Amino acid sequence: MGGAYIEDVHAVARLIPPGRVTTYGAIADFLTLGSARMVGWALYQGLATGEAVPAHRVVNRRGELTGRNHFPTPTCMQERLEAEGVVVVDDRIPAFDECFWSPASLLDT
DNA sequence: TGGATGACGTCAG
DNA sequence: TCTGACGCCATCC
């Protein structure tokens, strides 16, 4: 084992401000994982191990809630986002461009 | 050891 | 916008 990058992904996920979302690619690029798949997999491990990771704030590049199937309920991810003020329609975020948050913004200060 | 798998991304048609 | 194909890399069996 030694999946240290898993903790990195969790750390970045916790840095996502409420009401904002980010993408797998953004995290993958920020952590230089090289593959966005690793991000989704790492987040899945977080839920599987019971880690407190706001994985619902991580969506794909098109703003689709592709990972909702891994939550306790298919609507859990959507309800959590809506509770934070993120509008979700048809498992998608129409205002994704406005809600998008990049981990790179931490460096900008 | 090696093939299959996966919460994706990018490119081409 | 959608579909199909390839790459990506760690983990599972």
Side-chain angles (χ1 to χ4, degrees):
Chain A
M1 320 268 264
Y5 69 95
I6 293 181
E7 295 183 4
D8 290 337
V9 174
H10 294 183
V12 174
R14 294 194 188 96
L15 293 174
I16 304 173
R20 292 298 183 94
V21 296
T22 190
T23 67
Y24 302 95
I27 297 176
D29 184 66
F30 182 72
L31 299 176
T32 60
L33 295 177
S35 184
R37 267 193 160 138
M38 302 296 89
V39 178
W41 175 83
L43 288 172
Y44 171 67
Q45 295 302 315
L47 294 180
T49 56
E51 292 286 317
V53 181
H56 60 278
R57 294 177 188 154
V58 184
V59 298
N60 70 357
R61 202 190 181 287
R62 283 177 12 187
E64 298 173 319
L65 285 52
T66 52
R68 81 196 139 120
N69 293 304
H70 294 271
F71 280 77
T73 61
T75 58
C76 182
M77 192 172 184
Q78 178 176 337
E79 290 180 9
R80 283 196 177 193
L81 287 173
E82 291 182 332
E84 295 181 353
V86 180
V87 179
V88 179
V89 179
D90 190 30
D91 301 329
R92 190 182 315 185
I93 303 175
F96 172 70
D97 186 59
E98 298 178 14
C99 300
F100 176 71
W101 175 87
S102 176
S105 65
L106 295 173
L107 303 177
D108 187 49
T109 348

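Letters A, B, ... are given to chains in the order of the sequence lines, protein chains preceding strands, and every chain is numbered from 1. It should be emphasised that the depicted structure is a prediction, and the values quoted were computed from it without experimental measurement.
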Item to check | Contact residues, residues 84-95 of chain A to DNA chain B [heavy atom, < 4.0 Å] | outcome: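 None, since no heavy atom is under 4.0 Å.
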
Could you tell me if the side chain of [Y] sits less than 4.5 Å from the side chain of [X], heavy atoms only?
X	Y	answer
A/I6	A/W41	yes
A/L15	A/W101	yes
A/L81	A/V21	yes

Checklist entry - Does A/R14 come within less than 4.0 Å of A/E51, counting only side-chain N to carboxylate O? => result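 Salt bridge between A/R14 and A/E51, a charged N being under 4.0 Å from a carboxylate O: yes.
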
Checklist entry - If the sugar-phosphate is the primed atoms plus P, OP1 and OP2 and the base is the rest, what is the B/S/- string for nucleotides 7-13 of chain B, using protein heavy atoms under 4.0 Å? => result BBSS---

Item to check | Nearest-angstrom distance from the residue atom CD of A/E64 to P of C/dT1 | outcome: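 Those two atoms, CD and P, are 11 Å apart.
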
Item to check | A/D8 CG to C/dA10 C1', straight-line distance once rounded to whole Å | outcome: 14 Å

Checklist entry - Can you pull the side chain to side chain donor-acceptor pair (under 3.5 Å) pairs that have at least one residue in residues 64-77 of chain A, sequence neighbours excluded? => result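 Checked against side chain to side chain donor-acceptor pair (under 3.5 Å) - neighbours excluded - the pairs reaching residues 64-77 of chain A are A/N60-A/E64, A/R62-A/E64, A/R68-A/D91, A/T75-A/E79.
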
How close do [X] and [Y] get, counting heavy atoms only, and between which atoms?
X	Y	value
A/L65	A/M77	CB-SD, 3.9 Å
A/V53	A/L47	O-CD2, 4.3 Å
A/F30	A/A104	CD1-N, 4.0 Å

